[in-house]
Amino acid sequence: MNVMQKMVLSMLMAVVWLLAPISHASSAKGVLNPVATQAESKPRDTFGRETPRGAVQGFMKAIAADDAALAANYLDGRYLSGTKTSDEEIVRRFKKALDAGGRLAPDLQISADVMGDLSDHLPVDVDKVGEIQLMNEHIDILMVRRESDDGAVYWQFSKETLAKLPQTTKSTPTLAQRLDLDEVSRHQVFGANVGDILALIILVVGAYLVVYALVWLLYWLTKLVYQTASGKVYRITPTVIMPLALIIVAMLLPEIMLRAGVPVTLRASFGRFKDVIAWGATAWLMLRLIDALFGRAEAMSLKRNRPEQLSILSLMRKVAKALMLILALIIILGNLGFDLTTGIAALGVGGLALAFGAQKTIENLIGSVVVVADRPVRVGDYCRFGNLEGTVIDIGIRSSRIRTLNRTVVTVPNGEFSSMQIENYATRDMFHFLHNLYIARDADPDELARMIRGIQMFISGHDHVNDEWTQVHITEMRQDCFVVQMRCYINAGGVIEFYGKQSELIVDILAQLEQYAVKHALPSQSVHLQQDDVRDFEK
């Protein structure tokens, strides 16, 4: 495994491992954070106000149940004890202000930590969870951290927010009242009036139909303008219209519900469902875009005659879609209120074990990406790798296959193949012609020189030879011959064509040699006998 593969593999394993420490940090906060340990050792608040998120959710449930006495426990006790206004009246003012212009932050944006959000540039015991906009009056919805006599930590809506509430808020008819659903509003389901629920369903369906029609119209107008102006095919398919419309509706719903008169309790309850729809639609849209992107890439690979890229693109498409689905699932479950700390920690440990156990497989996958991205060879190329050579017939996800000169098929794991020294013969733009002539030593030096000049001129003007490098010269003077080397380059589209042209050039050179008074030096042996040896032999 080369250096690049080791770096990529290390980065992949590090990403997998990082999933675990984040979760361990959350689960082990009591060990790493002395303040958190101290808070966990103290008594728990009976109203579920240990965190800003818990206090907001508890208050919403109390006012949804029309329990003003319970809701008062979520308001700053010091403010309630210092004002002459009854607790029920303060709760009523707060609810009316929230109904008329309250915009609470989504649940996931409200801190679920006992210490609150320490990065919001507010005092350490204060968190902002939303705002109220009434005509020209703007009120920040702040929460403050308190501690009871027995040491329990809890959060309440601060007196700064409660003191700014108007004594009278202009009442606006709810959406259920506007749609004459008062009769069914007497019944409740899950703590909400049936009339308000039906009105919200009508509002959501109506908003979606309007947005869908607008997105559909915008899509076809964009397609028409693009094709008319560029003359090219519009690559974005109509399958993106529905998820895009859902995303837009989810973004606009908080403001639409506020202006339509949907009660704050129903808006808060529907907020999670709206976020689930938004993230689900986003994942849906991304899956469509991933399919379109990789489909285009696969079509381009086939058009450019690069079939080896198809398997890698298919793998990358599946990995991208799997990561998108996992991310969407984690966010959706988080919006539904599930605690994913343990699951993410298990996923991190399991992913680390899988990475170690499948190290060779991951190495080969990375090798496949390197082979396709670096492109040292392609399917159909003739190459030399290690001590073998042959034609590449397939580059797969795990391994590559090469057919050797003996017509056997060698399968090489891509992890090893990408780290080998590969000599690709198919990328040659010309072929090297290098041969020797062996001229007998009894050749006349002048005739030898004339022959060298003549062969040089002949080769330089030959139809098969280019002008890259042409040279004829004596390289060696042996006891029995002169070694004359001929070097040039031949243009050819492949090795078969080269061998044919090389044979023609050699035959033409041999025909040219007949013009010169030189002889080829042939391997021979000479036996010299003295006269006395001959007489002894005859006897």
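Atom set for the values below is all heavy atoms of this structure, side chains included, hydrogens, waters and symmetry mates excluded.
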**OP:** Say whether, by atom type as modelled, one donor and one acceptor occur between the side chain of E131 and the main chain of H138 under 3.5 angstrom.
**Re:**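 Such a contact is absent between E131 side chain and H138 backbone.
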Original post:
Do any N or O atoms from the side chain of W155 and from the backbone of V114 form a donor-acceptor pair under 3.5 angstrom?
Top reply: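 Judged by distance alone, yes, a pair lies under 3.5 Å.
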Spacing of [atom1] belonging to [X] relative to [atom2] belonging to [Y], to within rounding of 0.5 Å:
| X | Y | atom1 | atom2 | result |
| --- | --- | --- | --- | --- |
| K159 | L75 | NZ | CG | 14.0 Å |
| T239 | W284 | OG1 | CH2 | 9.0 Å |
| K61 | T265 | NZ | OG1 | 13.0 Å |
| L253 | L200 | CG | CG | 7.5 Å |
| Q227 | K232 | CD | NZ | 12.5 Å |
| I197 | I202 | CD1 | CD1 | 12.5 Å |

Would a 4.5 Å heavy-atom cut-off, applied to side chains only, mark [X] and [Y] as touching?
| X | Y | result |
| --- | --- | --- |
| T85 | R92 | no |
| T161 | I139 | yes |
| L98 | I141 | yes |
| I63 | F59 | yes |
| P254 | K274 | yes |
| V264 | F94 | no |
| F270 | V204 | yes |
| T228 | V225 | no |

How far apart are the closest heavy atoms of [X] and [Y], and which atoms are they?
| X | Y | value |
| --- | --- | --- |
| P166 | R93 | O-CD, 3.8 Å |
| G102 | L258 | O-CD1, 3.9 Å |
| I256 | A207 | CD1-CB, 4.3 Å |
| V91 | A71 | CG1-CB, 3.8 Å |
| R145 | V124 | NH1-O, 2.9 Å |
| A245 | Y208 | CB-CE1, 3.9 Å |

List, one per line, each side-chain donor-acceptor pair under 3.5 Å for residues 47-57, sequence neighbours excluded.
| unit_1 | atom_1 | unit_2 | atom_2 | d |
| --- | --- | --- | --- | --- |
| R49 | NE | D45 | OD1 | 3.4 |
| R49 | NE | D45 | OD2 | 2.9 |
| R49 | NH1 | N73 | O | 2.4 |
| R49 | NH2 | D45 | OD1 | 2.7 |
| E50 | OE2 | D45 | N | 3.2 |
| T51 | OG1 | G54 | N | 3.1 |
| R53 | NE | D107 | O | 2.9 |
| R53 | NE | I110 | O | 3.2 |
| R53 | NH2 | D107 | O | 3.2 |
| R53 | NH2 | I110 | O | 3.1 |
| Q57 | NE2 | D107 | OD2 | 3.4 |

Subject >> side-chain contact (heavy atoms from CB on, under 4.5 Å) between I90 and Y79, intermediate numbers included >> reply: CA-CA 10 Å; I90 299 297; Y79 174 79; 4.1 Å; yes
Original post:
S148 and D150: side chain to side chain donor-acceptor pair (under 3.5 Å), yes or no, with the steps?
Top reply: CA-CA 5 Å; S148 62; D150 59 356; 2.3 Å; yes
Original post:
When you look at I132 and L165, which way does the side-chain contact (heavy atoms from CB on, under 4.5 Å) test go after all the steps?
Top reply: CA-CA 9 Å; I132 300 174; L165 295 175; 4.2 Å; yes
**OP:** Verify side-chain contact (heavy atoms from CB on, under 4.5 Å) between L142 and K128, making sure each step is shown before the conclusion.
**Re:** CA-CA 4 Å; L142 303 177; K128 180 180 178 180; 3.8 Å; yes
Original post:
Can you tell me if NZ on K223 sees more than 12 non-hydrogen neighbours from other groups inside 6.0 Å?
Top reply: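 Above 12, so yes.
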**OP:** Flag yes if more than 12 heavy atoms outside D66 fall under 6.0 Å of its CG atom; otherwise flag no.
**Re:**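 Result for CG/D66: open.
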Original post:
Only one of V249, I247, L246 forms a side-chain contact (heavy atoms from CB on, under 4.5 Å) with V211, so which one is it?
Top reply: V249
**OP:** May I ask you to say whether D291 pairs ionically with K321, meaning some side-chain N is under 4.0 Å from a carboxylate O?
**Re:** yes
Original post:
Can you name the side chain to side chain donor-acceptor pair (under 3.5 Å) partners of R267, sequence neighbours left out?
Top reply: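 Side chain to side chain donor-acceptor pair (under 3.5 Å) list for R267, sorted by chain: empty.
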